[in-house]
Amino acid sequence: MLQIDLFEKVQNSEVLELLKCIGIKTKVFKKGAYILKAGTKIDYLAVILGGNAVISKIDSLGKETIIEKLEMNDIFGHNIVCCGLDKSPVDVIAQNECEVLFLPFEKVVTPCEKLCSYHLQLIKNVMKMISKRNSLLNDKIDIIAQKTTRDKILALLESYRNGQKVFSIPYSREEMAKFLCVDRSAMSRELCKMRDEGILKFSKNHFELL
(Lines give C-alpha, C1' and ligand atoms only; values in the text may rest on other atoms or scores of the structure.)
Protein backbone atom coordinates (compact mmCIF):
# COMPACT_ATOMS: atom_id res chain seq x y z
CA MET A 1 0.00 0.00 0.00
CA LEU A 2 2.87 2.37 0.73
CA GLN A 3 4.28 2.18 -2.80
CA ILE A 4 1.50 4.04 -4.57
CA ASP A 5 1.27 7.54 -6.07
CA LEU A 6 -1.04 8.65 -3.27
CA PHE A 7 1.86 8.51 -0.80
CA GLU A 8 4.55 9.91 -3.11
CA LYS A 9 7.12 11.92 -1.09
CA VAL A 10 5.52 10.75 2.17
CA GLN A 11 7.69 8.68 4.52
CA ASN A 12 6.43 5.29 5.72
CA SER A 13 6.23 6.51 9.32
CA GLU A 14 4.20 9.51 8.15
CA VAL A 15 1.79 7.25 6.27
CA LEU A 16 1.04 5.54 9.56
CA GLU A 17 0.25 8.93 11.07
CA LEU A 18 -2.08 9.64 8.15
CA LEU A 19 -3.86 6.37 8.79
CA LYS A 20 -4.64 7.57 12.29
CA CYS A 21 -5.38 11.16 11.27
CA ILE A 22 -7.91 10.65 8.48
CA GLY A 23 -9.06 7.09 9.02
CA ILE A 24 -7.93 5.35 5.83
CA LYS A 25 -9.49 1.91 5.29
CA THR A 26 -8.94 -0.90 2.80
CA LYS A 27 -11.24 -3.64 1.55
CA VAL A 28 -10.88 -6.59 -0.84
CA PHE A 29 -13.65 -7.27 -3.37
CA LYS A 30 -14.24 -10.51 -5.24
CA LYS A 31 -14.52 -10.67 -9.03
CA GLY A 32 -17.86 -9.25 -10.18
CA ALA A 33 -18.59 -7.53 -6.88
CA TYR A 34 -19.85 -3.95 -6.76
CA ILE A 35 -17.25 -1.68 -5.23
CA LEU A 36 -19.72 1.16 -5.66
CA LYS A 37 -23.31 0.84 -6.84
CA ALA A 38 -25.27 3.56 -8.62
CA GLY A 39 -27.63 5.34 -6.25
CA THR A 40 -25.62 4.63 -3.11
CA LYS A 41 -24.15 7.32 -0.87
CA ILE A 42 -20.53 8.31 -1.46
CA ASP A 43 -18.45 10.66 0.66
CA TYR A 44 -14.99 9.30 -0.06
CA LEU A 45 -12.16 9.06 -2.56
CA ALA A 46 -10.86 5.60 -3.44
CA VAL A 47 -7.67 4.21 -4.92
CA ILE A 48 -7.12 0.81 -6.53
CA LEU A 49 -4.32 -0.98 -4.67
CA GLY A 50 -4.49 -4.19 -6.69
CA GLY A 51 -6.59 -5.78 -9.40
CA ASN A 52 -8.83 -4.09 -11.94
CA ALA A 53 -12.28 -2.52 -12.00
CA VAL A 54 -14.54 -0.72 -14.47
CA ILE A 55 -16.70 2.34 -14.09
CA SER A 56 -19.92 1.83 -16.03
CA LYS A 57 -23.31 3.48 -16.41
CA ILE A 58 -26.65 1.97 -17.38
CA ASP A 59 -28.98 4.30 -19.30
CA SER A 60 -32.79 4.38 -19.14
CA LEU A 61 -32.99 1.75 -21.92
CA GLY A 62 -30.70 -0.66 -20.06
CA LYS A 63 -27.67 -0.06 -22.31
CA GLU A 64 -24.32 -0.20 -20.53
CA THR A 65 -21.50 2.20 -21.32
CA ILE A 66 -18.00 1.70 -19.93
CA ILE A 67 -16.73 5.09 -18.84
CA GLU A 68 -13.23 4.00 -17.92
CA LYS A 69 -11.18 1.08 -16.71
CA LEU A 70 -9.33 1.26 -13.41
CA GLU A 71 -5.98 -0.34 -12.63
CA MET A 72 -3.52 -0.17 -9.75
CA ASN A 73 -2.90 3.43 -8.61
CA ASP A 74 -6.06 4.79 -10.25
CA ILE A 75 -8.36 7.02 -8.22
CA PHE A 76 -12.16 7.19 -8.42
CA GLY A 77 -15.05 8.87 -6.64
CA HIS A 78 -13.43 12.31 -6.94
CA ASN A 79 -15.62 13.53 -9.79
CA ILE A 80 -18.72 12.72 -7.76
CA VAL A 81 -17.86 14.16 -4.34
CA CYS A 82 -16.10 17.21 -5.78
CA CYS A 83 -19.33 18.10 -7.60
CA GLY A 84 -21.24 17.96 -4.33
CA LEU A 85 -23.22 14.85 -5.25
CA ASP A 86 -24.00 12.54 -2.35
CA LYS A 87 -25.09 9.57 -4.47
CA SER A 88 -23.18 7.81 -7.20
CA PRO A 89 -24.58 7.96 -10.76
CA VAL A 90 -22.29 5.09 -11.82
CA ASP A 91 -21.33 1.55 -10.89
CA VAL A 92 -17.77 0.51 -10.09
CA ILE A 93 -17.34 -3.25 -10.52
CA ALA A 94 -14.34 -5.46 -9.71
CA GLN A 95 -13.11 -7.39 -12.75
CA ASN A 96 -10.99 -9.69 -10.61
CA GLU A 97 -10.04 -9.77 -6.96
CA CYS A 98 -9.57 -6.10 -6.23
CA GLU A 99 -8.16 -4.30 -3.20
CA VAL A 100 -9.37 -0.75 -2.69
CA LEU A 101 -8.21 2.03 -0.38
CA PHE A 102 -10.94 4.38 0.89
CA LEU A 103 -10.25 7.92 2.12
CA PRO A 104 -12.93 10.18 3.68
CA PHE A 105 -13.13 13.19 1.34
CA GLU A 106 -13.54 15.95 3.91
CA LYS A 107 -10.66 14.75 6.06
CA VAL A 108 -8.39 14.41 3.03
CA VAL A 109 -8.94 17.92 1.64
CA THR A 110 -9.07 19.67 5.03
CA PRO A 111 -5.65 20.00 6.70
CA CYS A 112 -5.62 19.23 10.40
CA GLU A 113 -4.88 21.91 13.01
CA LYS A 114 -1.20 20.94 13.07
CA LEU A 115 -0.84 21.63 9.32
CA CYS A 116 1.34 18.52 9.03
CA SER A 117 3.63 18.65 6.01
CA TYR A 118 2.76 15.08 5.04
CA HIS A 119 -0.98 15.86 5.04
CA LEU A 120 -0.33 18.81 2.73
CA GLN A 121 1.73 16.48 0.52
CA LEU A 122 -1.19 14.03 0.49
CA ILE A 123 -3.49 16.79 -0.77
CA LYS A 124 -0.99 17.63 -3.53
CA ASN A 125 -0.79 13.95 -4.51
CA VAL A 126 -4.59 13.62 -4.62
CA MET A 127 -4.88 16.72 -6.85
CA LYS A 128 -2.22 15.30 -9.17
CA MET A 129 -4.04 11.96 -9.42
CA ILE A 130 -7.37 13.70 -10.07
CA SER A 131 -5.80 15.79 -12.84
CA LYS A 132 -4.42 12.63 -14.44
CA ARG A 133 -7.84 10.91 -14.43
CA ASN A 134 -9.54 14.01 -15.83
CA SER A 135 -6.97 14.13 -18.62
CA LEU A 136 -7.78 10.52 -19.51
CA LEU A 137 -11.50 11.32 -19.58
CA ASN A 138 -10.79 14.20 -21.95
CA ASP A 139 -8.95 11.71 -24.16
CA LYS A 140 -12.05 9.51 -24.17
CA ILE A 141 -14.21 12.43 -25.27
CA ASP A 142 -11.85 12.97 -28.20
CA ILE A 143 -12.09 9.26 -29.07
CA ILE A 144 -15.87 8.87 -29.02
CA ALA A 145 -16.31 12.23 -30.78
CA GLN A 146 -14.90 10.63 -33.94
CA LYS A 147 -17.58 10.33 -36.62
CA THR A 148 -17.13 6.72 -37.74
CA THR A 149 -16.60 3.42 -35.95
CA ARG A 150 -13.29 3.02 -37.78
CA ASP A 151 -12.07 6.41 -36.64
CA LYS A 152 -13.10 5.63 -33.05
CA ILE A 153 -11.20 2.33 -33.15
CA LEU A 154 -8.06 3.93 -34.56
CA ALA A 155 -8.22 6.80 -32.04
CA LEU A 156 -8.51 4.31 -29.18
CA LEU A 157 -5.60 2.23 -30.46
CA GLU A 158 -3.42 5.31 -30.93
CA SER A 159 -4.10 6.31 -27.31
CA TYR A 160 -2.52 3.03 -26.13
CA ARG A 161 0.19 2.74 -28.76
CA ASN A 162 2.80 4.98 -27.07
CA GLY A 163 4.98 4.92 -30.16
CA GLN A 164 5.07 1.12 -30.32
CA LYS A 165 4.15 -0.98 -33.34
CA VAL A 166 2.86 -3.90 -31.25
CA PHE A 167 0.89 -3.17 -28.07
CA SER A 168 -2.05 -4.26 -25.91
CA ILE A 169 -5.21 -2.54 -24.73
CA PRO A 170 -6.98 -3.37 -21.42
CA TYR A 171 -10.34 -4.15 -23.05
CA SER A 172 -12.05 -7.29 -24.29
CA ARG A 173 -14.13 -6.95 -27.48
CA GLU A 174 -17.32 -6.44 -25.50
CA GLU A 175 -15.68 -3.87 -23.22
CA MET A 176 -14.13 -2.11 -26.21
CA ALA A 177 -17.54 -1.72 -27.85
CA LYS A 178 -19.07 -0.41 -24.62
CA PHE A 179 -16.20 2.04 -24.19
CA LEU A 180 -16.54 3.32 -27.76
CA CYS A 181 -20.36 3.40 -27.56
CA VAL A 182 -20.71 1.34 -30.74
CA ASP A 183 -22.39 -1.92 -31.72
CA ARG A 184 -20.08 -4.85 -31.00
CA SER A 185 -20.88 -6.72 -34.25
CA ALA A 186 -20.33 -3.59 -36.33
CA MET A 187 -17.06 -2.94 -34.53
CA SER A 188 -15.87 -6.52 -35.10
CA ARG A 189 -16.70 -6.24 -38.82
CA GLU A 190 -14.74 -2.99 -39.03
CA LEU A 191 -11.74 -4.56 -37.32
CA CYS A 192 -11.79 -7.42 -39.82
CA LYS A 193 -12.03 -4.97 -42.74
CA MET A 194 -9.01 -3.04 -41.45
CA ARG A 195 -7.11 -6.31 -41.03
CA ASP A 196 -7.98 -7.36 -44.61
CA GLU A 197 -6.93 -3.92 -45.89
CA GLY A 198 -3.53 -4.30 -44.20
CA ILE A 199 -4.10 -1.49 -41.71
CA LEU A 200 -3.64 -3.61 -38.61
CA LYS A 201 -3.26 -7.08 -37.16
CA PHE A 202 -4.83 -8.29 -33.94
CA SER A 203 -5.21 -11.26 -31.64
CA LYS A 204 -7.61 -10.78 -28.72
CA ASN A 205 -6.49 -7.52 -27.08
CA HIS A 206 -3.06 -7.45 -28.77
CA PHE A 207 -2.72 -5.15 -31.77
CA GLU A 208 -0.18 -4.20 -34.41
CA LEU A 209 -0.66 -1.08 -36.51
CA LEU A 210 0.93 -1.50 -39.93
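- Here the shortest heavy-atom pairing between Ile93 and Gly32 reads CG2-O, 3.7 Å.
- Of all heavy-atom pairs spanning Ile42 and Ser88, the tightest one is CG2-N, 3.9 Å.
- Ile130 is connected to Ile55 through a chain of hydrophobic side-chain contacts under 4.5 Å among Ile, Leu, Val, Met, Phe, Trp and Tyr, so both are in one cluster.
- Taking 4.5 Å as the limit, some side-chain heavy atom of Met176 sits within range of a side-chain heavy atom of Ile153.
- When atom types are taken as modelled, the side chain of Lys57 and the backbone of Pro89 share a donor-acceptor pair closer than 3.5 angstrom.
- For the atom pair CD of Glu208 and CG of Leu200, the computed distance is 9.0 Å after rounding to the nearest 0.5 Å.
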For this session: Please step through side chain to side chain contact (heavy atoms under 4.5 Å, CB included) for the pair Leu154 and Met194, ending with a clear verdict.
Result: CA-CA 10 Å; Leu154 289 174; Met194 287 191 283; 4.0 Å; yes
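- Residues Ile199 and Arg150 are in side-chain contact: their nearest non-hydrogen atoms beyond the backbone lie under 4.5 Å apart.
- Under a hydrophobic-cluster definition in which Ile, Leu, Val, Met, Phe, Trp and Tyr are linked whenever side-chain heavy atoms come within less than 4.5 Å, directly or via other members, Tyr160 and Ile143 are assigned to the same cluster.
- Taking CD of Glu97 as the start and NZ of Lys31 as the end, the distance is 12.0 Å to the nearest 0.5 Å.
- In this structure, Lys69 pairs ionically with Glu175, as a charged nitrogen and a carboxylate oxygen lie closer than 4.0 Å.
- Using a 4.5 Å cut-off on side-chain heavy atoms (C-beta onward), Asp91 and Leu36 make no contact.
- Side-chain contact between Phe105 and Leu45 is present, with heavy atoms from C-beta onward closer than 4.5 Å.
- Interatomic distance, Arg195 CZ to Glu197 CD, rounded to the nearest 0.5 Å: 11.0 Å.
- In this structure, Lys27 fails the cation-pi test against Phe102, since its NZ or CZ atom is not both closer than 6.0 Å to the six-membered ring centre and inside 45 degrees of the ring normal.
- Phe179 places none of its side-chain heavy atoms less than 4.5 Å from the side chain of Val54.
- When all heavy atoms of Ser159 and Leu156 are compared, the pair lying nearest together is OG-O, 2.5 Å.
- Side chain of Ser135 to main chain of Ser131: no donor-acceptor pair is present (N/O by atom type, distance under 3.5 Å, no hydrogens or angles).
- Checked for salt-bridge contact, Lys152 and Glu190 miss the test: no charged N lies under 4.0 Å from a carboxylate O.
- Using a 4.5 Å cut-off on side-chain heavy atoms (C-beta onward), Ile35 and Phe76 make contact.
- Thr65 is not listed as a side-chain neighbour of Lys178, based on a closest heavy-atom distance of 4.5 Å or more.
- When each of Val100, Leu70, Leu103 is tested with Val47 by the rule side-chain contact (heavy atoms from CB on, under 4.5 Å), just one qualifies, namely Leu103.
- Looking at Asn52, its side chain never comes within 3.5 Å of a backbone N or O of Asn96 through a donor-acceptor pair.
- Atoms CZ and CE, from Arg189 and Met187 in turn, are 11.0 Å apart once rounded to the nearest 0.5 Å.
- Asn162 places none of its side-chain heavy atoms less than 4.5 Å from the side chain of Phe167.
- Annotation: the span from Ser185 atom OG to Arg173 atom CZ amounts to 12.5 Å, rounded to 0.5 Å.
- Within the 3.5 Å criterion, the main-chain N or O of Leu61 finds a donor-acceptor partner in the side chain of Asp59.
- Formation of a donor-acceptor pair under 3.5 Å by the Thr148 side chain with backbone atoms of Asp151 is found in this model.
- Taking the six-membered ring where tryptophan is involved, the planes of Phe207 and Phe202 are tilted, since the angle between them lies from 30° to 60°.
- If you take NZ on Lys87 and CD1 on Ile80, they are separated by 13.0 Å, rounding to the nearest 0.5 Å.
- Tyr34 is not connected to Val28 by any chain of hydrophobic side-chain contacts under 4.5 Å among Ile, Leu, Val, Met, Phe, Trp and Tyr, and they are in different clusters.
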Exercise. So Glu71 and Ile48, side chain to side chain contact (heavy atoms under 4.5 Å, CB included) or not? Walk me through it.
Worked result: CA-CA 6 Å; Glu71 300 178 336; Ile48 302 294; 6.0 Å; no
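- Note on Ile58 and Leu180: separate hydrophobic clusters, where clusters join Ile, Leu, Val, Met, Phe, Trp and Tyr whose side-chain heavy atoms are under 4.5 Å apart, directly or indirectly.
- Checking side-chain atoms of Asn205 against main-chain N and O of Ile169 turns up a donor-acceptor pair under 3.5 Å.
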